[in-house]
Amino acid sequence: MTLLSVKNLRAYYRTEVYGISRTVQAVDGVSFDLLPNEIYGVAGESSCGKTTLIKVISGNTKPPLKVLEGSVNYNFNDYKVDMLHISQDELRQNVRWKEISYVMQGSMSVLNPVRKVIETFRDIVDTHERITDKKKFLEQTRAHVNRLGLPTDVLNAYPHQLSGGMRQRVAIALATVFQPALIIADEPTTALDVVVQRGVLQMIREIQTTSGNTVLLVTHDMAVHANVADRVMIMYAGRIAEEAPTETIFDAPLHPYTQHLIHSLPMIGEKSTKASLKGAPPNLADPPGGCRFHPRCPYVMDVCRTKVPDLISVKERHRVACHLVEEGAL
Amino acid sequence: MRKFILKYLIPRIIQFLTIIFVGITVTYIIPRLAPTDPVEAQISTMMAMGSSLDPASIESMRAALTDLYGLSGSPVEQYFTFWGRLLRGDLGPSLDNFPTPVSKMIGQALPYTLRLLIPAVIISFIFGNLFGAMSSYYPKNKALKVIEVLGQVVRSIPYYIVAIVLLVTFSYFIPIFPFSGAYPIGTRPDWSSLEFILKNLEHAVLPAATLILVGFGGWFVGMKSLTSNIISEDYVVYVETAGLSKNRILIHYIIRTAILPQFTALAMVLGTVFSGALIMEVVFGYPGIGSLAIRAIYSNDYSMIMGITIYSIIGVAVAVFLMDLLYPLFDPRVRYQ
């Protein structure tokens, strides 16, 4: 059983300014499944389409972003949702926060600066389940916050009275009030120092183990994936380069891009200089033909320049898109 | 509480008194730098009217007027006499309507001005801010677009033109409102009779409408530009993805934060209410502070001009002082310290 099944998703940004139209192929043919009860990591450098992918699967597609083809289907315990065709009302009432919640990029500033934290809780809870008994709501919110290891005091604080790490934790607490089936966390640890990062990651991990939901964790920080993710998808220029269980990605990466990514991670005691990848990620408004990684790939072949590599399964749960692998060279 | 009084309240009170002191001192100095002498002006007016006086009585009149206007002695002595009188609530006699005291005349005119301006400012504040926020949050709404265009057009026309257009339209072409004044000619102000109050309201409709229309445009544009940044703030996008209703987001997340600088502006506007709406009152023949000020300027009535300026200074200073005290209630990020 899968929780989410994304098939051949193509989502482009189309803008037209003074008659000049521009298309950015931010997500180009992405297919993957999310299983219940796992932490799925999405990695890739900036502007490789991670946030666009999240926007589409969480139902936040707004112009100029447009879905050209593909499907995004959820299955929440027999409640099936086709995210690309659901009505806004149903999405708002039944899906948002009850089944899918979102810890946004820049969570530090997601709290209203002139509203107490408890009021934000009240707004969200009241939207999805009318609050009739105020005392019960307060008790439940306190219990929820305590369960996540936050002091009850944070509820009566204004955001500016909380530290960055605390605000991030409050954002996670807000995202989990209804025990949603899927929590999407977009760069939840960026802009936090490592000690606080560890606390936040532990919190995510604990929530996931106790309530058995799925976490989609998006970050460019490979160390975070190594610590918490069960499976990792590596994106490059709007496409999936490789997807495998975390251990496989770190121990036996197959795609040349993944290999570079992993080998660039510092190891304790190692003193050698890390080789950096030449060039920059392609401009998605005008991506190179064939494999989008070919201009930077050290093993580039003729076929790479013309033919888009298929995402093939090499082992169970290990998929990679590279002509070298297809030809059995790796 | 003790800390609040020592660290916040007392410095604010000192600041408040300093503003008033400096403001009034400047108002005291400026007319004295003018090249005209009110005593000589008064005497020459009397002479011009044809009264023939012998030099001795002119001399004694000059002495009496100099004393009456507080112009006897050195400038420093005059300054202290001036403060002495002011603290006793004595703004001197009006030079134009001699010997009616300035404070009495202002006392009669002020209620008319306040009754007209305060409700007009508050109504335009509420609607201007509400519609301004709505128009940036619902950019596709046609009705709001129409309101925005109208607001912009009215705002860019000088307000006395708006006043005249309204006056001509609604009391000449469509005669539903009275032409001028604050009550029908020939009636005596009597605030205990309901009929008189209704008549006064009827007379206030057109001036109030002008003030509201013009004020509305200002608040609308201000609020629209304040909210246009806020609608893309993380905390608004976040509650949108959390599925909150649009109205709740508009009120608690957008207006609630964008309104803060508007409150400060409101305090300033309410403070300046004490100097009246000059041209407005002239166009509508409304017997408020504005009309009083215009007449005083025309007739070189120094003590009246100073009296009105002093009221205005005190009005603005009080408004700023109260805003300082109240602001932390609106914005929790500002603390009493």
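In the text below, chain A, chain B and the rest are named by the order of the sequence lines, each starting its count at 1.
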Is A:K66 atom NZ crowded by more than 12 heavy atoms from other residues, nucleotides or ligands, each under 6.0 Å away? no

Would the distance check show the side chain of B:D331 and the main-chain N or O of A:V114 forming a donor-acceptor pair, the cut-off being under 3.5 Å? no

Contact part of A:Q93 toward chain B, heavy-atom cut-off under 4.5 Å: side chain, backbone, both or neither? neither

When you compare the side chain of B:R256 with that of A:R115, does any pair of heavy atoms fall below 4.5 Å? no

Closest heavy-atom contact between A:V110 and B:Y235? O-CB, 3.2 Å

CG (A:D82) with more than 12 external heavy atoms under 6.0 Å: yes

Side chains of B:R248 and A:D126 in contact at under 4.5 Å (non-hydrogen atoms): yes

Counting neighbours of OH on B:Y160 that are heavy atoms of other residues, nucleotides or ligands and sit closer than 6.0 Å, is the number greater than 12? no

B:H252 side chain to A:D123 backbone, donor-acceptor under 3.5 Å: no

Within a strict 4.5 Å, meaning less than it, do heavy atoms of the A:L174 and B:Y238 side chains meet? yes

Quick check on B:I249 against chain A: is it the side chain, the backbone, both or neither that has a heavy atom closer than 4.5 Å? neither

Any chance you could measure A:L91, atom CG, to B:T241, atom OG1, to the nearest 0.5 Å? 10.5 Å

Which atom pair, heavy atoms only, marks the closest approach of B:P332 to A:P113? CG-O, 4.2 Å

B:F127, CZ: over 12 other non-hydrogen atoms inside 6.0 angstrom: no

Side chain, backbone, both or neither: which part of A:S58 has a heavy atom under 4.5 Å from chain B? neither

Under 4.5 Å to a heavy atom of chain B? For A:N60 that would be side chain

Determine whether a donor-acceptor pair (N or O, by modelled atom type, separation under 3.5 Å) exists between the side chain of A:R92 and the backbone of B:G243. yes

Go through the atoms of A:Y158 and report whether side chain, backbone, both or neither lie under 4.5 Å from a heavy atom of chain B. side chain

Check ion pair A:K62-B:E240 (N to O, under 4.0 angstrom): yes

